[in-house]
There are 2 protein chains.
Amino acid sequence: MEKSLKRMTTMNRMQVTGLELFYKNGYYNTSVDDILKELSLSKGAFYYHFDSKEDFFVQIIQNLLVRKIYSSLIEPIEGHEHTLDLIINCFEDALETAVHNEMDYGFLLSNFINEFNGRNEEVMKHLNEILRIWEVTLVSAIQRGKFNGHIDRHVDAEGVAVYLMSSYIGIRTLMVENTPSARKYRFMSQLRQYFKSIEVKQSSF
Amino acid sequence: MEKSLKRMTTMNRMQVTGLELFYKNGYYNTSVDDILKELSLSKGAFYYHFDSKEDFFVQIIQNLLVRKIYSSLIEPIEGHEHTLDLIINCFEDALETAVHNEMDYGFLLSNFINEFNGRNEEVMKHLNEILRIWEVTLVSAIQRGKFNGHIDRHVDAEGVAVYLMSSYIGIRTLMVENTPSARKYRFMSQLRQYFKSIEVKQSSF
DNA sequence: CAAATAACTGACTAATGGGTCTGTTTTTCG
DNA sequence: CGAAAAACAGACCCATTAGTCAGTTATTTG
C-alpha cells in the first residue's frame with residue numbers, strides 16, 4: 001500500500017491524460033505512444049507501471065471514471081429532499097457542464113460501452129457495474145419519493161429509472177452536434193413534463 | 001449509370017459485409033483486410049471499386065444505413081393515423097427487432113456518431129443529416145397530431161422530438177447489456193406514460 | 001557514502017494498418 | 001475469334017501498433 005509518491009504521481013498523470021485521449025479519440029483509436037508523447041514519457045515508463053493497455057484502461061475506470069460518474073450522477077441524487085427536484089437539478093448540472101465543454105465528445109460511460117460491447121468482456125463487466133450502480137441509485141431515489149408521498153405510489157420505479165437513464169444517455173449523444181444548449185433546454189422541459197405525470201397530484205384544497 | 005451487374009454485385013457484397021463488421025467492431029477497429037477475408041476477395045478488388053476506406057464507408061452510409069433508418073424509423077411514422085400510436089408502434093417494432101438480434105451492438109446510427117464525432121467531419125456531416133431527417137419527421141408528426149386534435153396544442157413539437165430521439169438512442173445502448181427484453185418493456189411503459197401527459201385529455205362526457 | 005531498488009530511456013520486434021502497383025484472369029463487344 | 005476493357009490477385013511499401021528488454025538515471029535506505 002505504501003506506494004511511493006513519485007509512483008502515484010506518474011501513474012495518475014498517465015491515467016488523466018489517458019482518459020482524456022480515450023474520451024476524445026476512443027480506446028482503439030488512441031495508441032499508448034499518443035499518451036506517452038503528450039506526457040514526454042517513454043514506453044519503459046508505461047510498462048513499468050502497467051501490465052498492458054487493457055490493464056491501464058481498467059485502472060482508469062476504477063480510479064477516474066467511477067469517481068466522475070459518482071460525483072456527477074450518483075451523489076447529487078442521494079440527498080433527502082424532494083426526489084424529483086434532485087434528479088432535475090442533477091441532470092441540469094450535468095448537461096450544463098457538457099454545454100460548456102468547448103469540445104464535447106458525449107457521455108463518457110455510454111461511449112465506452114458502445115466501443116467495448118461485444119469486443120471486450122472484461123472491460124464491459126466494469127462498465128456495466130457502473131451502470132448498475134446508477135440504476136440502483138435511481139430506483140431507490142424513486143422509491144424514497146414514493147414513500148415520502150412526492151411520487152405517485154403506482155409508478156414503476158425500475159421503469160422510471162430505465163427511462164431516465166435512456167433519455168440521459170441519448171441527449172448526451174444528441175448534444176455533441178450543433179446547438180447543444182437549445183437541445184438541453186428542450187430536453188429539460190420535456191423531462192419536467194414527464195415528471196409531472198408521475199408525481200402525486202397536489203389536489204387543490 | 002450503366003454500371004455493370006457484376007460491378008454492382010461485388011460492390012454491394014462488400015458494403016453489406018463492411019457494414020456488418022463496422023457495426024460489430026467499429027469502423028476504426030475493422031480493417032479492410034478483415035472485410036476482404038470474409039469475402040475471399042483481394043486488396044486489388046477493393047481498391048478497384050473504392051478510393052479509400054473512408055469513401056467506402058460514406059457509400060455504405062448512403063446506400064445501406066440511410067435505407068435502414070428510413071424503413072425502421074422514418075416511414076412507419078409518416079402515416080396519417082393517430083400520431084402517438086404510430087410512434088409507439090414504430091419504437092415497439094424497432095426495439096423488438098433489437099431484442100431478437102442474438103448479438104445486439106446497439107443503435108447503428110448513434111454508435112457511428114459516437115465513433116466519428118470530433119474525428120471525421122466529413123462522415124459526421126452525413127450522419128448528422130440522417131439525424132436531422134429523423135428529427136424533422138418526428139416534429140411534423142407531432143404537429144400533425146396537434147392539428148388533428150390528438151395532441152395538446154400547447155406542447156412543444158421540437159421538444160417532444162428531441163426527447164423521443166434521446167430516449168430511443170439511450171434505450172438502445174442500455175439494451176445491449178443483460179435483459180434487453182425487460183428493459184424494452186419498462187421503457188415502452190414509461191413512454192406511454194409520457195405520451196399520456198402530452199395528449200389531449202379526453203374529457204369525460 | 002555506497003549499495004540496492006525504483007523509475008525510467010529508447011532501440012527493437014513482430015504484427016497489422018491503409019494504400020499502391022504490376023500483372024493475370026474474366027467479360028464484353030465488334 | 002480476338003482485342004480492349006473490366007474485374008480481380010497478391011506481393012510490396014511504409015507507417016503504426018502493443019509489447020519487450022538491456023541498459024541508464026534517480027531515489028532510498030542502511
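Throughout, protein chains are lettered first and strands after them, A, B, ... in sequence-line order, and every chain is numbered starting at 1.
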(message) Counting only side-chain heavy atoms from C-beta out, which of D/dC8, D/dT17, C/dG18 sits nearest to B/Lys53?
(response) C/dG18

(request) Provide, to the nearest angstrom, the distance between the CG atom belonging to B/Asn29 and the C1' atom belonging to D/dT16. (result) 15 Å

(message) If you go through the side-chain atoms of A/Lys43, does one of them form a donor-acceptor pair with the base of D/dA18 closer than 3.5 Å?
(response) yes

(request) Using only side-chain N and O atoms of A/Arg7, determine if any of them is under 4.0 Å from OP1 or OP2 of C/dA6. (result) no

(message) Checking A/Phe22 against A/Phe112 for the ring pair (Phe, Tyr, Trp, His ring centres under 6.0 Å) test, could you report, in this order, the C-alpha distance in whole Å, the side-chain angles of both residues, the deciding distance, and whether it holds?
(response) CA-CA 9 Å; A/Phe22 288 147; A/Phe112 288 140; 7.1 Å; no

(request) Fit a plane to each ring of B/Tyr105 and B/Tyr23, take the angle between them on a 0 to 90° scale, and name the class: parallel (under 30°), tilted (30 to 60°) or perpendicular (over 60°). (result) perpendicular

(message) Looking at B/His49, I'd like to know whether one of its side-chain N or O atoms comes within less than 4.0 Å of OP1 or OP2 on D/dC8.
(response) yes

(message) Rounded to whole Å, how long is the line connecting atom CD1 of A/Ile35 with atom P of D/dT17?
(response) 11 Å

(request) Measure from NZ or CZ of A/Lys53 to the centre of the six-membered ring of A/Tyr27, then state whether that distance is under 6.0 Å and the direction lies within 45° of the axis. (result) yes

(request) Compare side-chain N and O positions of B/Thr10 against OP1 and OP2 of D/dA7 and report whether any pair is under 4.0 Å apart. (result) no

(message) Rounded to whole Å, how long is the line connecting atom CZ of A/Arg13 with atom P of C/dC8?
(response) 9 Å

(request) Using a 4.0 Å heavy-atom cut-off across all strands, classify A/Thr30 as base, sugar-phosphate, or nothing. (result) sugar-phosphate

(message) On the nucleotide C/dG17, are OP1 or OP2 found under 4.0 Å from the side-chain N or O atoms that B/Ser31 carries?
(response) yes

(request) Check whether any side-chain nitrogen or oxygen of B/Lys6 sits under 4.0 Å from OP1 or OP2 of D/dA7, and answer yes or no. (result) no

(request) Would you tell me if any nitrogen or oxygen in the side chain of B/Ser4 comes within less than 4.0 Å of OP1 or OP2 on D/dA7? (result) yes

(request) Provide, to the nearest angstrom, the distance between the CG atom belonging to B/Asp51 and the P atom belonging to C/dC21. (result) 14 Å

(request) Would you mind reading off the distance between A/Leu39 atom CG and C/dT9 atom P, rounded to a whole angstrom? (result) 10 Å

(request) Using atom CZ of B/Phe46 as one end and atom P of D/dC12 as the other, report the distance to the nearest whole Å. (result) 22 Å

(request) Rounded to the nearest angstrom, tell me the gap between atom CZ in A/Phe57 and atom P in D/dA18. (result) 14 Å

(request) Would you verify whether the NZ or CZ of A/Lys43 falls within 45 degrees of the ring axis of A/Tyr48 while also being under 6.0 Å from that six-membered ring's centre? (result) no

(message) I want to verify a distance call: between C/dG17, C/dT9, D/dG19, whose nearest atom is closest to the A/Ser52 side chain?
(response) D/dG19

(message) Closest approach to the side chain of B/Tyr47, judged atom by atom: which nucleotide of D/dA9, C/dT9, C/dT20 is it?
(response) C/dT20

(request) Establish, with yes or no, whether the OP1 or OP2 oxygen of D/dA7 is under 4.0 angstrom from a side-chain nitrogen or oxygen of B/Tyr48. (result) yes

(request) Report the distance from atom CE of B/Met8 to atom P of C/dT27, rounded to the nearest whole Å. (result) 18 Å

(message) Out of the candidates B/Arg183, B/Arg172, B/Lys184, only one should pair with B/Asp104 under the salt bridge (charged side-chain N to carboxylate O under 4.0 Å, His left out) rule; please name it.
(response) B/Arg172

